[in-house]
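Both counts, for ligands and for their atoms, begin at 1 and track the order of listing. Numbering starts at 1 and runs along the sequence shown.
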Amino acid sequence: MACILKRKTIVVIGFAVAFLVVIIARLTNEVNFPLMLSCFGQSSVQWMPFSYTQKRHLRAHYGYLNVKNQEPLQLECDLCAIISNSGQMTEQKVGSEIDQASCIWRMNNAPTKGYEEDVGKRTTIRVVSHTSVPLLLKNADYFFKETNSTIYVIWGPFRNMRKDGSGIVYNMLKKTVDSYPEAKIYVTTEKRMSYCDEIFKKETGKDRIQSGSYLSTGWFTLILAMDACYRIHVYGMINDTYCKSEGFRKVPYHYYEPGRSECDEYFLHENAPYGGHRFITEKKVFAEWSKKHTITFTHPNWTLS
Ligand SMILES: *[C@@H]1O[C@H](CO)[C@@H](O)[C@H](O)[C@H]1NC(C)=O
Ligand SMILES: *[C@@H]1O[C@H](CO)[C@@H](O)[C@H](O)[C@H]1NC(C)=O
Ligand SMILES: *[C@@H]1O[C@H](CO)[C@@H](O)[C@H](O)[C@H]1NC(C)=O
């Protein structure tokens, strides 16, 4: 009898120990989770608890659907570098720092070739305006074949993004994935577009449509990045008072093309009665967001409390 009891005790203790080991493994996993991750598991090989593979479903973003198979975008990153298209990027020489981030975000057709020293060479994801899609298609072999590991997220109004054959931008994208089956192209859902509008209204008290303005690609980029990244570092974006500050740097609007100066462009848009981007208003909102999320802005630096 005593012998049987002892055996039972040993079995019970055995189970308890095994249970504890499992709990500890899971806790370790939980704690290390953000640090271990980089985009799409391109992280260096390290020891991982056995439950890791099961838990490692990347964060799904249901507002962004793959053009080929309607699957939601899967993206989860530790540190994200977001590179502005601004002329501020010229001569910054932060390319190698940028390339060390877990995920690197660019906007529209902003090039890396020839600008690597300042803006880096890797691109994890591009957020692209519907109006910039033709610019990508002009260079389709580069964007969809040579750099086929890049994810493309296209935002646009429903009329252009309809899937019933009358959405002109959607049709272009559909053709693109037919020609480039490897291309990872996602479109923003109508619901997600409304959500981004609602956020603008909530943050500024202004109705975007009534105020006759368009959201910028930067707006859509930051909203998605806040969902996908644990930390964000924005390079080359100016703040809301930059253009009125002493000795501001007069640079072109884009680092990769000559043209109107950045500040002239900002004022023009901010004051346009119709069809402009409210870049300056948006920057004020970004400063607010950076209080709730881990976002830093450098080159030029923003001083945020
Ligand atoms: C994807 O890109 C790699 C690297 O540039 C290239 O070797 C490969 O052929 C591309 N795949 C397709 C299907 O285009
Ligand atoms: C900007 O901030 C970084 C650290 O965040 C600092 O190293 C650098 O000196 C600052 N640059 C200027 C011009 O203040
Ligand atoms: C905005 O930028 C200007 C010029 O770089 C700087 O002097 C100012 O401190 C910045 N303001 C904030 C709130 O970051």
Side-chain angles (χ1 to χ4, degrees), residues 39-40 42 66-69 79-84 86-101 104 106 111-114 116 118-126 136-137 139-152 173-186 203-204 218 222 229 231-253 255 261-267 270 278-305:
C39 277
F40 293 98
Q42 285 163 354
N66 190 302
V67 172
K68 207 157 86 181
N69 55 21
L79 173 63
C80 288
I82 299 181
I83 323 308
S84 162
S86 160
Q88 300 288 344
M89 290 311 295
T90 305
E91 296 302 317
Q92 297 289 10
K93 309 227 185 306
V94 282
S96 53
E97 179 186 318
I98 287 170
D99 280 334
Q100 285 167 30
I104 297 165
R106 302 187 193 276
T112 51
K113 249 190 214 165
E116 292 89 345
D118 287 328
V119 304
K121 32 178 173 264
R122 291 176 49 218
T123 306
T124 313
I125 176 166
R126 270 181 196 276
L136 298 187
L137 293 181
N139 218 343
D141 273 353
Y142 171 74
F143 285 113
F144 303 117
K145 194 169 174 178
E146 227 180 290
T147 58
N148 56 30
S149 62
T150 300
I151 299 165
Y152 294 85
L173 298 172
K174 193 92 185 140
K175 264 197 199 152
T176 307
V177 294
D178 288 343
S179 318
Y180 300 93
E182 297 290 301
K184 295 186 234 171
I185 304 180
Y186 293 79
E203 298 285 357
T204 65
L222 227 63
C229 312
R231 297 180 287 144
I232 299 173
H233 186 157
V234 183
Y235 292 85
M237 197 179 269
I238 59 174
N239 69 23
D240 63 316
T241 59
Y242 183 86
C243 292
K244 289 184 173 156
S245 69
E246 284 291 317
F248 71 86
R249 197 171 160 218
K250 192 169 174 188
V251 296
Y253 180 57
Y255 66 80
S261 90
E262 175 173 54
C263 287
D264 288 350
E265 189 82 16
Y266 270 45
F267 286 130
E270 193 71 14
R278 300 296 185 243
F279 289 125
I280 297 172
T281 306
E282 287 186 4
K283 299 302 183 284
K284 259 186 232 165
V285 176
F286 293 171
E288 288 300 311
W289 288 347
S290 69
K291 292 175 189 165
K292 291 173 247 161
H293 301 262
T294 313
I295 311 178
T296 49
F297 296 85
T298 67
H299 307 89
N301 285 356
W302 296 23
T303 45
L304 300 158
S305 41

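- Protein heavy atom in closest approach to atom 14 (O) of ligand 1: Lys145 CG, 3.3 Å.
- Atoms NZ and CG, on Lys184 and Asn148 in that order, are 7.5 Å from each other to the nearest 0.5 Å.
- Among protein heavy atoms, atom 8 (C) of ligand 1 sits closest to Asn148 ND2, 3.7 Å.
- Contact detail for Asn239 and Tyr242: the closest heavy-atom pair is OD1-N, 2.8 Å.
- Atom OG1 in Thr112 sits 5.5 Å away from atom CZ in Arg106 (nearest 0.5 Å).
- Within the listing of ligand 3, atoms 1 (C) sit less than 4.0 angstrom from a heavy atom of Thr241.
- The side-chain heavy atoms of His299 and Val94, taken from C-beta on, include a pair separated by under 4.5 Å.
- In this model, no donor atom of one side chain and acceptor atom of the other lie less than 3.5 Å apart for Tyr255 and Gln92.
- Within 6.0 Å of NZ in Lys93 there are more than 12 heavy atoms belonging to other residues, nucleotides or ligands.
- Closest protein heavy atom to atom 5 (O) of ligand 1: Glu146 O, 3.0 Å.
- Annotation: atom 3 (C) of ligand 3 to nearest protein heavy atom, Asn239 ND2, 3.7 Å.
- Less than 4.0 angstrom separates some heavy atom of Trp302 from each of these atoms of ligand 3: 14 (O).
- At the shortest separation from atom 6 (C) of ligand 2 among protein heavy atoms lies Asn301 ND2, 4.2 Å.
- The pair Glu146-Lys113 meets the salt-bridge criterion, with a side-chain N (NZ, NE, NH1 or NH2) lying under 4.0 Å from an Asp/Glu carboxylate O.
- The Tyr242 neighbourhood of ligand 3 comprises atoms 4 (C), 5 (O), with distances under 4.0 Å to a heavy atom of that residue.
- Atom 7 (O) of ligand 3 has its closest protein heavy atom at Ser245 CB, 4.6 Å.
- Of the protein's non-hydrogen atoms, the one nearest atom 13 (C) of ligand 1 is Glu182 CG, 2.9 Å.
- The single protein non-hydrogen atom nearest to atom 9 (O) of ligand 3 is Thr303 OG1, 3.5 Å, given as residue, atom name and distance.
- When distances from atom 11 (N) of ligand 2 to the protein are checked, a heavy atom turns up under 4.0 Å.
- Residues Glu97 and Tyr235 have side chains that bring a donor and an acceptor to within less than 3.5 angstrom of each other.
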